[in-house]
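We name chains A, B, ... by the order of the sequence lines, and we start the count at 1 in each one.
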Amino acid sequence: LDVQSQETLLLKALGLKARLSPKTLAPVPPLLWKMFQRRSKPGPAHADAKEVQRPCWVEEFQVPGNIIRVFPDQGHFIHSREPQSLLCLQKRLYFNLSALEEDEMLTMAQLEIRFSQNWYQAASPARPFELSLYKATQMALLGMSGHTHSRQMLLEQSFVHLHKSFVFDLTQVAKEWRIPARNLGLILEIGVPPLPEGEFCSGIDSFLEASLFVVSLAPSQCKTPRKRR
Amino acid sequence: STYYVPRITSNVCKPRRLYISFSDVGWENWIIAPQGYLANYCLGECPFPLTEELNSTNHAILQTVVHSLDPEGTPQPCCVPVRLSPISILYYDNDDNVVLRHYEDMVVDECGC
């Protein structure tokens, strides 16, 4: 075998089809760094008893898995022609899950929505705001009015105090998204009921970031330890 | 790159130091961390009589006995990894997602015959 064939074999053993070539190098999410560092403590003694017994178990999320991916949001802000008097923000969230291989079992998906410190500290704690998340069930066509037939409510929460980030479990939804035709993304709305246009609505667009943490299990990479005969 | 620990001179089966650098194999463009890792490898003889330190199987012990009687016909047992540990690799995939992946059996911790 030549060097290239050997490399292909090795990459295949590592669960990769070929040498990867990313285009943009996004920053590594802090949680993923922490998880990596925890797993990279030096020496053979680092593998504590739990990890030896459960090599394909993600302690941080308490689910089976050996692959953790962070998918960046690829959705766009929705700018409605009608004045959204009660809405600070309306945004489509879209995560392309095509990187998951067919034999991988998705065991957890967690949506994280982050705000910049400037924005959430500036918001008044006395005025509750509402965060709503919908699953898009039908492509909204140009000129189509209303949203009632094109989306399904997933959750709605009111918050008196703004937080730096919000985390939501989207495991079941993400499992459906593995069929590309069913992945129409989400619609996120943030509103402030008592104020038509609160002053702390302004600028929220630039302060929002969303990502999807997905844990999956590739069974071929998770051998159960052989017992000594 | 391979290099031996200077003080170890015996040729008995044991783990030897091997650092694998991902830049040496041209993977540094997509692997974020680690830059490389201490993978080690097994090398050395499994001579007769096999001692307990050599982590021998019963089969290896018998093979050394046969080898001592018939060196031409039966080889010495092989020196192979008997305990390996995993590593995790952080990398970018082709869709620019950040991936943390766990790989088993990547580091040789112990060798045996």
Side-chain angles (χ1 to χ4, degrees), chain A residues 3 7 10-11 13-29 31-33 35-40 42-47 51-52 55-58 65-72 74 95-100 211-216 218 221-223 225 228-229, chain B residues 14-42 55-61 80-113:
Chain A
V3 173
E7 186 189 35
L10 177 58
L11 288 167
L14 295 175
L16 303 167
K17 286 174 183 162
R19 192 186 279 218
L20 300 172
S21 51
K23 291 163 207 79
T24 54
L25 307 180
V28 178
L31 176 58
L32 214 57
W33 261 122
M35 293 172 76
F36 169 75
Q37 284 163 349
R38 184 177 166 271
R39 287 161 173 73
S40 305
H46 78 277
E51 280 176 317
V52 169
C56 289
W57 178 259
V58 181
N66 57 344
I67 309 170
I68 303 147
R69 290 186 180 87
V70 180
F71 294 91
Q74 298 177 15
F95 304 98
N96 179 4
L97 302 191
S98 62
L100 279 105
S211 55
L212 191 72
F213 266 75
V214 173
V215 178
S216 61
Q221 309 263 317
C222 280
K223 293 172 284 179
R228 192 172 178 139
R229 288 176 293 182
Chain B
K14 64 177 70 170
R16 314 287 169 158
R17 206 177 149 85
L18 167 65
Y19 182 80
I20 291 181
S21 164
F22 290 125
S23 58
D24 285 351
V25 290
W27 292 2
E28 74 278 12
N29 292 338
W30 53 277
I31 292 186
I32 304 164
Q35 305 285 308
Y37 75 104
L38 197 59
N40 300 330
Y41 67 100
C42 294
N55 289 316
S56 320
T57 59
N58 289 337
H59 177 270
I61 292 166
V80 292
V82 293
R83 195 162 72 88
L84 296 117
S85 55
I87 66 164
S88 288
I89 298 178
L90 197 57
Y91 64 89
Y92 293 107
D93 69 12
N94 285 337
D95 296 320
D96 301 335
N97 306 312
V98 185
V99 186
L100 175 63
R101 195 156 179 160
H102 173 92
Y103 290 109
E104 293 184 327
D105 299 345
M106 295 289 278
V107 176
V108 173
D109 293 328
E110 282 177 30
C111 301
C113 295

Residue pair [X] / [Y]: nearest heavy atoms and the distance that separates them:
X	Y	result
Gln221(A)	Glu104(B)	O-OE1, 3.7 Å
Asp93(B)	Pro22(A)	O-CB, 3.6 Å
Phe36(A)	Ser88(B)	CE1-O, 3.3 Å
Arg101(B)	Ala218(A)	NH2-CB, 4.3 Å

Which bit of [X] is near chain A, if near means a heavy-atom gap under 4.5 Å: side chain, backbone, both or neither?
X	answer
Asn94(B)	both
Tyr37(B)	neither
Tyr103(B)	side chain
Val107(B)	neither
Ile32(B)	side chain

Would you give the length of the straight line joining atom [atom1] of [X] to atom [atom2] of [Y], rounded to the nearest 0.5 angstrom?
X	Y	atom1	atom2	value
Ile89(B)	Ile67(A)	CD1	CD1	12.0 Å
Asp95(B)	Arg69(A)	CG	CZ	9.0 Å
Ser40(A)	Leu100(B)	OG	CG	8.0 Å

*Side chain of Asn97(B), backbone of Phe71(A): donor and acceptor closer than 3.5 Å?*
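Answer holds: no.
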*Count the heavy-atom pairs under 4.5 Å between each of Ala99(A), Ala13(A), Ala26(A) and chain B, then report the option with the highest count.*
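Between Ala99(A), Ala13(A), Ala26(A), the count favours Ala26(A).
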*Can you tell which of Leu14(A), Asn66(A), Val70(A) has the highest number of heavy-atom pairs within less than 4.5 Å of chain B?*
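Greatest number of close heavy-atom pairs with chain B: Leu14(A).
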*Is Thr24(A) close to Tyr92(B) at the side-chain level, that is, under 4.5 Å between some pair of heavy atoms?*
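The answer is no; the side chains never approach within 4.5 Å.
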*Please tell me if the side chains of Val98(B) and Trp33(A) come closer than 4.5 Å, counting only heavy atoms from C-beta onward.*
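Val98(B) vs Trp33(A): side chains apart.
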_More than 12 heavy atoms of other groups within 6.0 Å of Gln35(B) CD_ =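 Counting neighbours around CD of Gln35(B), 12 or fewer heavy atoms of other residues, nucleotides or ligands fall under 6.0 Å, so no.
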*asked:* Tell me every residue that passes side chain to side chain contact (heavy atoms under 4.5 Å, CB included) with Leu84(B), counting only those two or more places apart in sequence or in another chain.
replied: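 Leu84(B): side chain to side chain contact (heavy atoms under 4.5 Å, CB included) contacts with Pro81(B), Asp105(B), Val108(B).
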*Heavy-atom proximity to chain B below 4.5 Å, by part of Leu10(A)*: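 Side chain only.
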*asked:* What part of Pro29(A) gets within 4.5 angstrom of chain B, counting heavy atoms only: side chain, backbone, both, or neither?
replied: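 The answer is the side chain of Pro29(A).
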